[in-house]
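Structure first, commentary second.
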Amino acid sequence: MQATFPHLALWQEVQFSLTGQSLEGRQSISGAETVIPTLRGRWSASASFVLKGEGAVLQWQAFLAQMEGRIGTTLVPARSRWRPRDRDGHAIAFCQTGDLADAQTHEHFGFDNTLISYMTVAAAAPLRATQIDVRNLNTTGLRPGQFFSIGERLHRVQAHWQPGAEGTSRLMFQPPLRAAIGAGARVELGRPVCRMRMVTEDEGLLDQSMPVLPRAQVKFVEAI
């Protein structure tokens, strides 16, 4: 089952990291260490949230029920401090869901705003590619270290080449593409996501002893 990630949860701490990028090092007789890359890096995330009010607490508990421990998956948004910018130099908004005061609509507790395309893929790229050409529509572009997603897969920019003759840019990123992509595919800059599942069955449990602001801690791992 795919659960909707709770947008009312207030981010307090968040860390995304790639694990499994290399095999355990081996040392020769001379002491030189050999590190072997695996090219199978997998995203892990740890986060803590503050839940303010009845709606946020119920939404989080509904999220846990839908996740069913490690069975379900969800699109975890990758929050970062320094945002990509639009063509006017303003930071691209992270939130894509508006609240409904004192109300809820099914599981969403809000409504989704219209998606804006800031960047698209300029040329098709094969499975396992680590570079793509992109076209900026309403952005100044991505900088090394920033996150983006294509579909349900998260990537982080390693290097960026200046725009070419046809107004395109080239990105080198990690991890490699999980699937081939076609020209025109949307590159998500505002709210990049990664399909993930919980690491253990008891992630995200809440203290039910009536704290003013309950705090939830959860760890995710990429679902491949």
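Remember, it's a predicted structure, so these values are computed and weren't measured experimentally. The residues of the chain are indexed from 1 along the displayed sequence.
With sequence neighbours left out, Gln158 forms a side chain to side chain donor-acceptor pair (under 3.5 Å) with no residue at all. Listed by chain and number, the residues in a side-chain contact (heavy atoms from CB on, under 4.5 Å) with Gln15 are Ser46 (sequence neighbours excluded). Applying the side-chain contact (heavy atoms from CB on, under 4.5 Å) criterion to Thr34, with sequence neighbours excluded, gives Ile36. With sequence neighbours excluded, the residues that form a salt bridge (Lys or Arg N to Asp or Glu O under 4.0 Å) with Glu152 are Arg195. Contacts of Arg42 classified as salt bridge (Lys or Arg N to Asp or Glu O under 4.0 Å), with partners at least two apart in sequence or in another chain: none. Judged as a salt bridge (Lys or Arg N to Asp or Glu O under 4.0 Å), and not counting sequence neighbours, Arg85 has no contacts. Qualifying side-chain contact (heavy atoms from CB on, under 4.5 Å) partners for Ala129, counting only residues two or more places apart in sequence or in other chains: Ala125, Pro126, Leu177. The salt bridge (Lys or Arg N to Asp or Glu O under 4.0 Å) search around Asp86 returns none, not counting sequence neighbours. Partners of Glu201 under the side-chain contact (heavy atoms from CB on, under 4.5 Å) rule, at least two apart in sequence or in another chain, are Arg70.
Note on residues 140-149: no pairs pass side-chain hydrogen bond (donor to acceptor under 3.5 Å, both in side chains), not counting sequence neighbours. Contacts classified as ring-ring contact (aromatic ring centres under 6.0 Å, His included) and involving residues 63-85 (residues at least two apart or in different chains) are given here: Phe5-Phe63, Trp60-Phe63.
Side-chain contact check for Gln174 and Gln21: at least one donor-acceptor pair (N or O, by modelled atom type) lies under 3.5 Å.
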N/O donor-acceptor pairs under 3.5 Å from side chains in residues 217-224, not counting sequence neighbours:
from   : atom 1 : to     : atom 2 : distance (Å)
Glu222 : OE1    : Trp43  : N      : 3.1
Glu222 : OE1    : Arg178 : NH2    : 2.8
Glu222 : OE2    : Arg153 : NH1    : 3.3
Glu222 : OE2    : Arg178 : NE     : 3.2
Glu222 : OE2    : Arg178 : NH2    : 3.4

Residues Arg135, Met119; criterion side chain to side chain contact (heavy atoms under 4.5 Å, CB included); working and verdict | CA-CA 6 Å; Arg135 180 169 286 107; Met119 178 182 289; over 6 Å; no
